[in-house]
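Right, one structure below, let's go through it.
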Amino acid sequence: MRTNYAIGVDVGGTRIAVGLVERKGRIVKDAKRLTPKTGPFAVVDAIIELVDEVGAGVQAAEIAGVGIGLPAQVDFLRQEVEYCTNLPLAGIDVRSLVMARTKREVTIDNDGHLATVGESRYGAAKGFRDFVMITLGTGVGGGMFLGGEPYRGSRGLGGEVGHTVIDFDGPPCPCGGNGHLEAYLGRPAIAARGKAAARLFSGKAILDASGGALDDVSAESVVIAARGGDAVARGILMECGEILGRALVGFVNVLNPKLVCIGGGIGESADFLVERAAEVVQSEALAGRRDVTVVQAVLGNDAGILGAAAMAFDEHDSREGLHR
Ligand SMILES: [Zn+2]
């Protein structure tokens, strides 16, 4: 049976957002709440309650299933959460728990993969068979499509573009490694650079963008000051763009994608960073691969919900033997 809706769940370190999504990508109903901090089962309970809330009033047979994006390393084939640094979900059978209590089909995946699926189905990467997605937010994640299909690797753990090594002697990364892309481009890293700049008179625009308190300087303060024309803030984002560009040159040389899509809260707002990264690719990638376009993602905060819903539609259709 052809279903009209899927439920997409985007679990973040700070909030959980759930949407009832039509096949063409319109979110017809949504609900969100802060992510509970009182243990794994409180998180699972919140997911179940939000799924019930958006699914209420729609016949069960009309809903293809539930897709859940987690800020975790997910073994996609076994549908298990392996590692999760921000939430205590490692080893918790999220899929079975939600399935048993909602009586709906459930599929889980890494949130970066699902943002990639979302941009592919409904956003900036629509129609591109080979592209790389990078999400710049508190963490740095992403994924890729190769030959028209999402590439997850042998166990579903692939696509961790944020943990590409830039310099082993570089700053510590939240994953425990050193000098990974996330250690330079995650929100905490950009905020630290913003704070260092804001201590000086030349960094006044960054301090002003934070409301005037040094402790409140965030990555967003740097982006806001840069957009307002501040040279120091622009300089920080240009340097971040240079580092991102180096990583992209590696991806472009290896994978020869047609498109690189930069998403996440920082990626969608920090134009200077993305433009600088695109320049580095244009000048440094191997000849023959420079027709790649570097663009910003367009789905914003909805990318996670839409990608999770797209996965739920795909899983439903393959169970039913339907083709997209
Ligand atoms: Zn790392």
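Just so you know, residue 1 is the first one in the sequence shown, and it goes up from there. Remember, it's 1-based here, ligands and their atoms both numbered in the order they're listed. Everything numeric here is computed off the predicted structure, so don't read it as measured data.
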Exercise. Find the distance between OG (Ser218) and CZ (Arg187) and round it off to the nearest 0.5 Å.
Key: 8.0 Å
Quiz prompt | Hydrophobic cluster membership, Met133 vs Phe145, 4.5 Å side-chain cutoff | solution = yes
Quiz item: For the Zn ion (ligand 1), which N, O or S atom of His180 is at the shortest distance?
Solution: ND1
Exercise. Measure from the Zn ion (ligand 1) to every N/O/S atom of His163 and report the name of the nearest one.
Key: ND1
Exercise. Give, for atom CZ of Arg104 and atom CG of Asp52, the distance between the pair rounded to the nearest 0.5 Å.
Key: 6.5 Å
Quiz prompt | Glu119/Lys126 ion pair, N-O < 4.0 Å | solution = no
Quiz item: To the nearest 10°, what's the angle at the Zn ion (ligand 1) between atoms SG (Cys175) and SG (Cys173)?
Solution: 110°
